[in-house]
Structures are given as C-alpha cells and as structure tokens.
Protein chains: 2
Amino acid sequence: MPELLQGLSAFPLTPVPAGRFDESSFARIIHGIVAAGTDSIGVLGSTGSYMYLDRSVRARAVRTAVREAAGVPVIAGIGAIGTDQVLAHAEDAQAAGAAAVLLAPVTYQALSPDEVQGLFADVCAQLSVPLVVYDNPATTHVQLSTDLYGRLAELPHVAAVKIPPFTTGGADAAAARARIAEVRAAVGSRVRIGISGDAVGALGLVSGCDLWFSAIGGILPAVCTDIVTRAREGRPEEALDASRRLAPLWRLLAVHGSLRLSQAVGELLGIVPAGSLPRPVRGLAGADLAAVAEALRECRLLPRPEGH
Amino acid sequence: MPELLQGLSAFPLTPVPAGRFDESSFARIIHGIVAAGTDSIGVLGSTGSYMYLDRSVRARAVRTAVREAAGVPVIAGIGAIGTDQVLAHAEDAQAAGAAAVLLAPVTYQALSPDEVQGLFADVCAQLSVPLVVYDNPATTHVQLSTDLYGRLAELPHVAAVKIPPFTTGGADAAAARARIAEVRAAVGSRVRIGISGDAVGALGLVSGCDLWFSAIGGILPAVCTDIVTRAREGRPEEALDASRRLAPLWRLLAVHGSLRLSQAVGELLGIVPAGSLPRPVRGLAGADLAAVAEALRECRLLPRPEGH
C-alpha cells in the first residue's frame with residue numbers, strides 16, 4: 001500500500017488567468033503546500049479544473065508540480081469523458097512523474113455500473129502506478145454504489161477510493177464510522193479510504209479514513225496539516241475542534257463549492273490573480289467575495305483592516 | 001431567419017469502431033439522410049458522440065459531412081466543458097463549411113444562469129454563422145429556464161433553440177401547444193423553436209415547433225421525412241399516426257436513450273459496424289439488441305426471418 005496515500009492530500013488550483021496557464025502562480029501554490037508538510041499533492045482534481053484544460057496544459061501542470069514539489073508525491077487527475085482521452089492523460093501523467101493517478105467517471109451519456117467498471121478496467125490495464133477511484137457525484141452525476149466500490153477495488157492498481165462527504169445522519173461521528181466501516185467491508189484492507197468534502201475532513205480522519213483529499217488544503221495548507229497532525233497523533237477532539245473553528249469557511253463552501261471558494265481565498269491572500277478560473281466558470285465578486293474575506297478574518301486567516 | 005432551420009434536422013451517429021473514426025460508415029449514413037430529403041444534418045450532436053471525440057476527429061467529421069451532404073446544410077455541435085474548447089470547435093466547424101453551429105452548456109462544475117449566458121455571449125461574439133441553443137438537461141445537467149431562453153435569444157447569431165421533450169402534462173397536444181407558446185413568448189418571432197425527443201417529434205411539429213431535431217432521423221431518415229412531410233402539408237393527424245406506428249421504437253428509446261438505440265438500429269440494418277460507440281459507452285447486446293430487432297420488425301422496418 002503506497003505510503004503516499006495517507007494523511008493529507010492537498011489539491012491546488014490550476015490558475016488560468018485569461019485562459020493561459022500561469023506557471024509561476026501554480027509553482028507558488030505548490031511551494032506553499034510543500035512547506036506546510038503535506039503527504040501528497042493532488043493536481044488536476046476538481047479544484048485543479050482538469051475538465052476545462054487542454055491535454056498539453058494538463059501535462060504541463062503535472063510536470064510543473066513534480067518539479068516544484070521537492071520530492072512530495074504528486075497524484076494527477078486523469079478524468080475525461082471518453083476512455084481514449086483518459087488513457088492519453090494517464091500516459092502523460094506517468095511520463096511527467098506522477099506517483100499515482102486519480103480517476104472520476106465523468107459522464108455525458110449516463111453510464112451503467114458495468115460501463116463504469118469497464119472504464120476503470122480499461123485504464124487499469126494500461127497503468128503502472130496506483131490509481132485512486134474518485135467518487136464525486138456532484139460533478140460526475142454518477143452514483144457509485146458501495147457494491148461498485150468493491151468491484152473496482154478488485155482491479156489491479158486500484159489503491160484508494162476518494163469518497164464524497166457524509167450526508168446522511170447529519171455528519172455525526174457514529175454515522176461517519178458506520179459509513180466508513182461499510183466502505184471498508186466493500187473494498188477490503190488493501191485499499192485506502194480517503195474523505196473529501198473539507199467540512200468533514202477532520203471527522204473522516206478521526207472516524208477511520210486513511211487520508212483527507214482536501215481542496216482547502218491546496219490554498220490553506222497549514223490549517224489542514226495542523227488538523228491532520230492532531231488526528232494522526234491521537235488527539236481526535238483537538239482535530240475536530242480545529243475544524244470547527246473554520247465553520248465560517250465551511251458555511252461558504254456549502255454555498256459556493258470548493259473551486260470558487262479556493263479561488264476567492266487565493267485571491268484574498270494574494271496567492272493567485274483574480275480571474276484565474278477557466279471560463280465559463282466565473283469567480284466570486286462583490287458581496288460574495290467580501291463574505292469570504294470576512295470569513296477568513298473570523299478564522300484569523302486574514303488581518304482585520306486597521307481601525308476595525 | 002435561415003431556411004435551414006425548418007422541417008427535419010437529422011442527427012447521424014459518428015461511428016468510432018475500436019476508437020477510430022470510420023469515415024466510410026459515416027459517409028454512408030450521410031448519403032442515406034440526404035437521399036431521404038432532410039432539411040439539414042446535425043452532426044456531432046449527442047447522437048454524434050461529440051463529447052467523446054478529439055478536436056481533430058470532430059473537425060474531420062464536419063468536413064466529411066459537408067463534402068458528402070450534396071449541398072444539404074450541416075449544423076455542427078461545438079459543445080465542450082471549457083469555453084476555450086468551444087471556441088476552438090466553433091472555428092473548426094466554420095472552417096469546415098458548417099452552415100450553423102449547435103451549442104449545449106455542458107458542465108462539470110454547476111453553472112449559474114449568468115455563467116451560462118456568459119458562455120453563449122463569449123461564443124456568439126466570435127461567430128459568423130447562426131447558432132442553435134441546445135437544451136439537453138439529461139446530459140448537460142443544466143436546467144435552462146424559459147427566462148434564460150429569452151436572454152439567450154437576444155444574443156447575435158442565436159437563431160434557434162432546441163428544446164427537450166415535453167414531460168409535463170403527459171405530452172398531450174394542449175400541453176405541447178401551451179409549452180411552445182411559452183417558449184415563443186420568451187424567444188420572440190425571430191428565433192426558431194425545434195423539438196427534440198423523437199417520441200414527441202411529430203407532436204412538436206403539429207403543435208407549433210418550426211423543426212424537429214431528430215436522432216432517429218439520422219438512422220431511419222425516410223421514416224422521419226415522411227412524418228415531417230405530412231405535418232408540413234397540413235395533415236397533422238397523419239403525422240401523429242405515423243409517429244404512433246413507431247411506438248415500439250419509442251418505448252425502447254425511453255429505456256436506452258437515443259445514442260444506444262440509434263447504434264443498435266444501425267447495426268441491425270447493416271449501416272454501421274457493431275461496437276461503433278465510443279468507450280466507456282457500450283452498445284446494446286443480447287436480449288436488449290434482440291428487442292430492438294423485434295421493435296423494428298413490428299414497425300416493418302426489418303423483415304421477419306423466414307419461417308416466422
């Protein structure tokens with residue numbers, strides 16, 4: 001089981017101001033993640049806008065990340081609508097030095113469970129690195145059943161599953177443990193389980209997940225490595241408390257989603273240029289951006305303007 | 001108002017057996033459509049698998065269609081997830097001789113109405129041919145409101161809206177007329193209204209739609225031009241009767257969708273090779289394919305085997 005699939009996997013933005021890949025901003029984000037002590041870097045996830053970028057930009061982003069990551073392993077998103085495109089991205093990611101790949105079953109036509117399994121089987125047959133099954137129904141519109149997790153876990157190279165945020169049971173600890181036990185029973189002990197949905201990252205870690213795939217970890221990495229360290233060192237209540245202190249951010253995450261929130265935070269902290277999201281997606285502005293600034297101040301991540 | 005946006009717009013499959021564009025099968029499909037007397041050909045729609053194909057294949061498919069269409073106007077799908085990709089496809093389609101383009105707001109991240117409007121505005125600013133707004137919530141996961149239709153209709157180059165099948169009111173004639181009147185009020189008299197969802201194609205035509213964007217018209221074109229002719233010549237009951245006689249096909253359409261049904265029909269009629277759908281989508285086989293054969297026989301579109 002690869003050691004990279006533990007702790008924190010931080011997902012950086014891929015800034016594309018005016019539609020052009022901004023390599024220096026991207027490198028700056030990577031440096032910040034590495035400095036915070038992440039376990040891995042998940043480039044070209046949903047927060048990395050993979051579905052909006054040309055093949056050449058995707059390959060270049062992986063190469064840049066590997067070069068700037070100072071040995072921290074890079075996991076590269078390879079999702080696409082057609083299997084042929086997925087295979088091309090997998091080849092590029094491996095050639096660029098990715099330590100693992102991340103695959104979501106992105107759809108246009110609705111796919112049956114057999115078609116989803118066929119996609120993963122076709123890709124795994126061509127891989128030489130571990131693969132993370134990326135379950136993100138909000139963007140892929142595919143509902144992966146727990147049973148299908150089990151079928152995918154049997155494929156060679158499948159090393160982890162990235163599960164969506166807990167929604168049933170109000171995200172309480174007992175419900176989280178029950179859900180993770182259910183996934184564990186399906187995928188067996190060989191396959192790692194990673195939580196996504198940053199508001200429940202700490203809950204996932206203290207309830208049995210092996211790692212946290214974090215969008216906010218890409219733009220506020222130290223905040224997230226702090227939570228991961230507390231969980232890892234056997235201080236679950238501290239981890240949960242640290243996460244609770246970020247409640248103002250989690251509220252905005254529920255409204256705007258990870259991509260737009262990460263971009264807004266990055267802009268406000270001076271890490272990425274405004275307008276770095278790929279069209280047709282637009283960034284937050286006006287009152288929405290001001291609310292993110294206020295949330296960052298409430299979380300003591302941005303100083304209050306003088307005189308306030 | 002372009003004359004091409006009337007009557008029947010037939011949507012061919014783009015056969016890609018083993019992942020390779022099969023130009024000769026595609027040309028054969030185009031020839032069949034032209035021979036049946038269609039008003040236009042809608043290449044690279046959902047039935048043309050546009051979202052699964054590389055830019056070069058998409059450009060080649062438009063060139064092939066224009067060359068083989070003997071002057072029948074070609075409408076080319078240009079949808080993609082990123083605006084930059086849409087613009088590239090628009091450029092290619094126009095260079096290849098497309099008479100119009102068709103754009104669906106394909107999503108990965110959910111888009112707000114303003115973001116959808118921004119996409120169409122960005123594309124229309126670069127166009128020199130008419131654009132058809134393609135509303136297909138089943139695949140794009142975007143719900144275009146009637147109000148948004150109206151905003152899009154104000155953009156330069158927007159010449160038609162392709163509306164999804166009627167669902168409310170059990171697809172009866174009064175509900176269809178009411179819905180089309182509602183869309184007409186939103187888009188004004190300049191913009192054409194086209195029905196999609198083949199089971200209600202005839203109903204749409206006799207209830208006020210200007211044209212029928214038809215997937216089945218791509219593989220059974222004569223069946224559809226027959227319906228269109230009856231509607232056009234003021235014989236609405238005959239058009240509806242002709243459509244009702246295809247009920248066995250419409251039932252399977254509801255189960256399998258246009259793409260898989262068109263491919264199965266094409267295989268059974270010897271027009272396209274088996275396995276021509278782009279992975280990860282798989283074609284129908286076994287009992288599902290046999291049911292399509294039986295439906296074609298019930299519709300007298302395939303002879304019964306001898307001795308039956």
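Of the atoms belonging to B:S49, not a single heavy atom falls under 4.5 Å from chain A. Of the two parts of B:R260, only the side chain, counted from C-beta on, holds a non-hydrogen atom closer than 4.5 Å to a non-hydrogen atom of chain A. Neither the backbone nor the side chain of B:D114 comes within contact range of chain A; no heavy atoms are under 4.5 Å apart. Within the 4.5 angstrom heavy-atom criterion, only side-chain atoms of B:V106, from C-beta onward, approach chain A. At a 4.5 Å heavy-atom cutoff, the contact between B:Q85 and chain A is made by side-chain atoms alone. Only the backbone of B:A110 comes within contact range of chain A, judged by heavy atoms closer than 4.5 Å. Heavy-atom distances place the side chain of A:Y50, and not its backbone, under 4.5 Å from chain B.
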Evaluation steps, side chain to side chain donor-acceptor pair (under 3.5 Å), between B:D122 and B:T83: CA-CA 8 Å; B:D122 285 346; B:T83 301; 4.8 Å; no

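Listed options B:L119, B:I81, B:N136, B:V281 were ranked by heavy-atom pairs under 4.5 angstrom with chain A; first place goes to B:I81. Counting heavy-atom pairs closer than 4.5 Å to chain B, the top-ranked of the candidates A:P278, A:S46, A:G257, A:G82 is A:S46.
Note that the CD atom of B:E91 and the CG atom of B:L87 stand 8.5 Å from one another [nearest 0.5 Å]. Note that CD1 of B:I75 is 6.0 Å distant from CZ of B:F11, once rounded to the nearest 0.5 Å.
Distance alone, capped at 3.5 Å, is enough to place a donor-acceptor pair between the B:Q94 side chain and the B:A90 backbone.
Looking at heavy atoms from C-beta onward, A:V161 lies out of side-chain contact with A:V132 at the 4.5 angstrom threshold. B:V200 is not listed as a side-chain neighbour of B:W250, based on a closest heavy-atom distance of 4.5 Å or more.
Looking at B:R55 and B:D84, no side-chain N of the basic residue comes within less than 4.0 Å of a carboxylate O on the acidic one, giving no salt bridge.
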